[in-house]
Amino acid sequence: MKLTKNLLALIVLAIGALWSLQGTGVVGGSFMTGQSQWLYIGLAAMLAGLAGLVWANRRQG
């Protein structure tokens, strides 16, 4: 179960990074390219992915 949670969190983190890069125009070829709102959406997704990693790896009391 821990592996599944980690993989899901890493996928969310990677997608957020991609969206952020598209929003800044570093990665092209999409309707998201150069649209600053995708930078912020990507950053929020990256934070959610990081929070998911922390949650998946917390110690059980």
Side-chain angles (χ1 to χ4, degrees):
M1 188 65 168
K2 183 177 180 180
L3 177 63
T4 303
K5 290 176 185 177
N6 276 314
L7 286 175
L8 183 61
L10 286 172
I11 290 168
V12 171
L13 183 65
I15 290 171
L18 176 62
W19 288 348
S20 294
L21 290 172
Q22 286 178 323
T24 58
V26 174
V27 176
S30 169
F31 69 93
M32 295 184 251
T33 302
Q35 301 293 320
S36 63
Q37 75 257 20
W38 287 103
L39 168 64
Y40 302 117
I41 293 169
L43 290 173
M46 288 172 61
L47 286 174
L50 286 173
L53 282 173
V54 169
W55 175 69
N57 293 296
R58 73 188 191 287
R59 288 198 182 267
Q60 297 293 332

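Sequence positions, counted from 1, serve as the residue numbers for this chain.
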Asks: Closest approach of Leu21 and Thr24, non-hydrogen atoms and distance?
Replies: O-OG1, 3.0 Å
Asks: Under 4.5 Å between side-chain heavy atoms, hopping through other hydrophobics if needed: is there a path connecting Ile15 to Ile41?
Replies: yes
Asks: According to a hydrophobic-cluster definition based on side-chain heavy atoms being under 4.5 Å apart (Ile, Leu, Val, Met, Phe, Trp, Tyr only), do Leu50 and Tyr40 belong together?
Replies: yes
Asks: A side-chain contact here means heavy atoms from C-beta on lying under 4.5 Å apart; do Leu7 and Leu3 qualify?
Replies: yes
Asks: Show me the pairs that pass side chain to side chain donor-acceptor pair (under 3.5 Å) and involve residues 5-22, at least two apart or across chains.
Replies: Asn6-Asn57
Asks: Which heavy-atom pair separates Ala45 from Gly16 by the least distance, and what is that distance?
Replies: CB-CA, 3.7 Å
Asks: Can you tell me how far apart CG (Leu53) and CG (Leu10) are? Round to the nearest 0.5 Å.
Replies: 5.0 Å
Asks: Applying a strict under-4.5 Å side-chain criterion to I, L, V, M, F, W and Y, I'd like to know whether Leu18 and Leu39 cluster together.
Replies: no
Asks: Establish whether Ile11 and Leu13 are linked, either directly or via other cluster members, by ILVMFWY side-chain heavy-atom contacts under 4.5 Å.
Replies: no
Asks: Taking atom CG of Leu47 and atom CG of Leu43, what is their separation to the nearest 0.5 Å?
Replies: 7.0 Å
